[in-house]
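As the structure is a prediction and not an experimental result, all values here were calculated from the model. Chain identifiers are assigned alphabetically (A, B, ...) following the order of the sequence lines, protein sequences preceding nucleic acid strands; residue numbering begins at 1 within each chain.
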Protein chains: 2
Amino acid sequence: MPLKNGAALVAEYPKMPVTVDCVIFGFDDNELKVLLIRSDLEKYQGMWSLLGDVVNDTEEIDAAAYRVLDQRTGMTDIYLDQVKAFSHPKRHPGGRVITVAYCSLLNIKHHSLQITENELHWHNVSSITEMAFDHKEILDTCHEWLQKMIQEHPLGFNLLPDKFSLRELQNLYEAILGIQLDRRNFRKKFATMDLLIDLDEMEQDVPHRPGKLYKFNFEKYNKSPRKWIGIDF
Amino acid sequence: MPLKNGAALVAEYPKMPVTVDCVIFGFDDNELKVLLIRSDLEKYQGMWSLLGDVVNDTEEIDAAAYRVLDQRTGMTDIYLDQVKAFSHPKRHPGGRVITVAYCSLLNIKHHSLQITENELHWHNVSSITEMAFDHKEILDTCHEWLQKMIQEHPLGFNLLPDKFSLRELQNLYEAILGIQLDRRNFRKKFATMDLLIDLDEMEQDVPHRPGKLYKFNFEKYNKSPRKWIGIDF
DNA sequence: TTTCAGTATGTACTAAGTACACAATTAAAA
DNA sequence: TTTTAATTGTGTACTTAGTACATACTGAAA
């Protein structure tokens, strides 16, 4: 077997543009939201699109995703996870472009959207029907990813205020999962997990009996071993 | 906001080669195996590498992965799943190459490796220390992906013969997860799932009391609704 | 002071997970 | 032919987690 020179080999490879698209979820008013901008492509005039950009020649795709998040929202210390690559040859009207979808969750109240270029704003996920490119498919994939993730990891807390009531937490889960949960059992579940810190504070400005406020005990969570065995299908 | 022409926009994008790498797991002799070839790059002379190839200009990356699997093993109807994109700018010595890892599981006994180009053969996953490119990292990521997947989906059955004993099934889980399981509880678990069909046949040629043979009831599995709610972290 | 909206909590029941022990079966060795 | 080794096959007591459901409490506003 003749050995090959790497540079000569790679020079022969077909080349194509690669982009990242960020699906940035937020939560407000008991609704799951996603940040979108107006597409600036002729073909998709008036349609909404995810926040994306090309991956530069010497850039990690993770880094490109963080760059997009920073450039579009100004936030830097937020959870970001690669979800999936999308590659249909006709997915971009301008030619072959492969994109890698990233998912991010942020607290709407923490970020006041100073930058509103391209009509950047929050949309209710449930009311989005059509989008530019294959972005609806990417959004749906990320939504399913999120539904799975919030059940296995304490991701949802990134979407809530620092101090939250159990009601808000349950609303978040119900909104993301799209189902109703029994309030008593939901509270019992989190009580037995013992990962919420009771702040001995009460909700303010609610038109009814205020609930207690909690924060998530990330320190305890990070120290506790994950039990990861559980065959179930 | 001035609207842009798609083709003009894409023409400006930086372009780079994209490849797929397939991590093909098998199971034999109570060991998790993976199919590797000898790298044909000068820089990695003598080192082992995953089965990969470039993605062609108008090809879906999924399709490229199936093509690699077919070209290298001759198998066409096998489970294949995208795992993750790897993009370190220096991961390929010949220049910037992004790769998307795919994972596949196949029954070693079903495929006799007619094609043995580049010294293609099965390696014990546990004994692999170093590989060409970032392939060890990709392999590790896929192994973790597999560990998670076999607990949530009946993937492991693709690695076993059509007819298998509960002992073989348990060996598979123990090998992939790297832990010991209680035999009685393991059997009870699968008994209550009620997804194994008792074939009323016995193992042959074992130097001890033969066990019953089973097959997985894919039909029943596919018809049963997934219960997917279960907050737990 | 009553009503409203929502918080807070408990209990009985069911299902699933865990730890553990012994009898039955086959092949092979004595 | 008997014994031994290896492994299959099963059951029970206990603990933990999940589910369904009802009532009392609190604060704000009418």
Side-chain angles (χ1 to χ4, degrees), chain A residues 29-30 150-152 154 160-161 163-175 177 179-215 221 224-233, chain B residues 29-30 150-152 154 160-161 163-175 177 179-215 221 224-233:
Chain A
D29 196 23
N30 289 347
I150 60 158
Q151 298 189 57
E152 299 176 3
L160 290 174
K163 304 172 179 185
F164 52 85
S165 67
L166 285 171
R167 180 35 134 176
E168 288 174 290
L169 185 61
Q170 185 176 340
N171 284 341
L172 173 73
Y173 274 87
E174 290 183 340
L177 299 177
I179 54 173
Q180 294 290 110
L181 297 167
D182 182 275
R183 197 163 50 87
R184 289 159 292 189
N185 294 337
F186 183 85
R187 297 165 87 93
K188 181 158 52 168
K189 180 68 205 170
F190 276 91
T192 50
M193 277 197 230
D194 197 27
L195 286 170
L196 296 183
I197 296 169
D198 184 338
L199 293 169
D200 271 320
E201 290 179 62
M202 292 293 177
E203 284 181 300
Q204 303 291 327
D205 305 316
V206 285
H208 53 76
R209 172 177 176 184
K212 281 187 178 181
L213 292 176
Y214 297 85
K215 65 175 183 176
Y221 171 75
S224 64
R226 305 288 154 266
K227 84 139 205 298
W228 61 292
I229 186 80
I231 300 164
D232 208 3
F233 47 82
Chain B
D29 196 24
N30 288 347
I150 59 158
Q151 298 190 58
E152 300 177 2
L160 290 174
K163 303 171 179 185
F164 53 85
S165 67
L166 284 171
R167 180 34 133 176
E168 287 175 291
L169 185 61
Q170 185 176 341
N171 284 341
L172 172 72
Y173 274 88
E174 290 183 339
L177 298 177
I179 53 172
Q180 294 291 109
L181 298 167
D182 181 274
R183 194 166 52 87
R184 287 159 293 186
N185 293 339
F186 182 86
R187 298 164 87 91
K188 180 158 56 167
K189 179 68 203 169
F190 276 91
T192 50
M193 277 197 230
D194 198 27
L195 286 169
L196 297 182
I197 296 169
D198 184 339
L199 293 169
D200 272 318
E201 289 178 63
M202 292 296 178
E203 283 181 300
Q204 303 291 329
D205 306 316
V206 285
H208 53 75
R209 173 176 176 183
K212 280 188 178 180
L213 293 176
Y214 297 84
K215 65 175 185 177
Y221 172 76
S224 63
R226 306 288 153 265
K227 82 140 207 297
W228 61 291
I229 185 81
I231 301 163
D232 208 2
F233 47 83

N/O to N/O distances under 3.5 Å, protein versus nucleotides 8-10 of chain D:
residue	atom	partner	partner atom	Å
D/dT8	O2	B/R209	NH1	2.4
D/dG9	OP1	B/K212	N	2.9
D/dG9	OP2	B/R187	NH2	2.3
D/dG9	O5'	B/R187	NH2	3.3
D/dG9	N7	B/R183	NH1	3.0
D/dG9	O6	B/R183	NH2	3.0

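- With rounding to whole Å, B/N185 atom CG is found 16 Å from D/dC14 atom P.
- A distance of 10.0 Å separates CG in B/L181 from CG in B/N171, rounded to the nearest 0.5 Å.
- The CG atom of B/L195 sits 7.0 Å away from the CZ atom of A/F233 when rounded to the nearest 0.5 Å.
- Summarising the geometry, atom CG belonging to B/L160 is positioned 14.0 Å from atom OH belonging to B/Y214; distances are rounded to the nearest 0.5 Å.
- Of all the heavy atoms in A/S224 and A/Y221, the pair that sits closest is OG-O, 2.8 Å.
- Considering A/R183, A/K188, A/K189 in turn, A/K188 is the only one that fulfils the side-chain contact (heavy atoms from CB on, under 4.5 Å) rule with A/N185.
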- Applying side-chain contact (heavy atoms from CB on, under 4.5 Å), run through A/D232 and B/K227 and close with a yes or a no. CA-CA 10 Å; A/D232 208 3; B/K227 82 140 207 297; 3.3 Å; yes
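- Separation of atoms CZ (B/R187) and CG (B/L169) is listed at 10.0 Å; rounding is to 0.5 Å.
- Protein chain B contacts DNA chain C from C/dG17 to C/dA27, reading 5' to 3' and using non-hydrogen atoms of the protein with a distance under 4.0 Å.
- In this structure, B/K163 NZ and B/Q204 CD are separated by 9.5 Å, a value rounded to the nearest 0.5 Å.
- Non-hydrogen atoms lying under 4.0 Å from DNA chain D are contributed by A/K188, A/K189, all within residues 188-196 of chain A.
- Going from atom CG of B/D232 over to atom P of D/dT19 covers 12 Å, rounded to whole Å.
- Within the 3.5 Å criterion, the main-chain N or O of A/R167 finds no donor-acceptor partner in the side chain of A/Q170.
- Rounding to the nearest 0.5 Å gives a distance of 6.5 Å between CG of B/L199 and NZ of B/K215.
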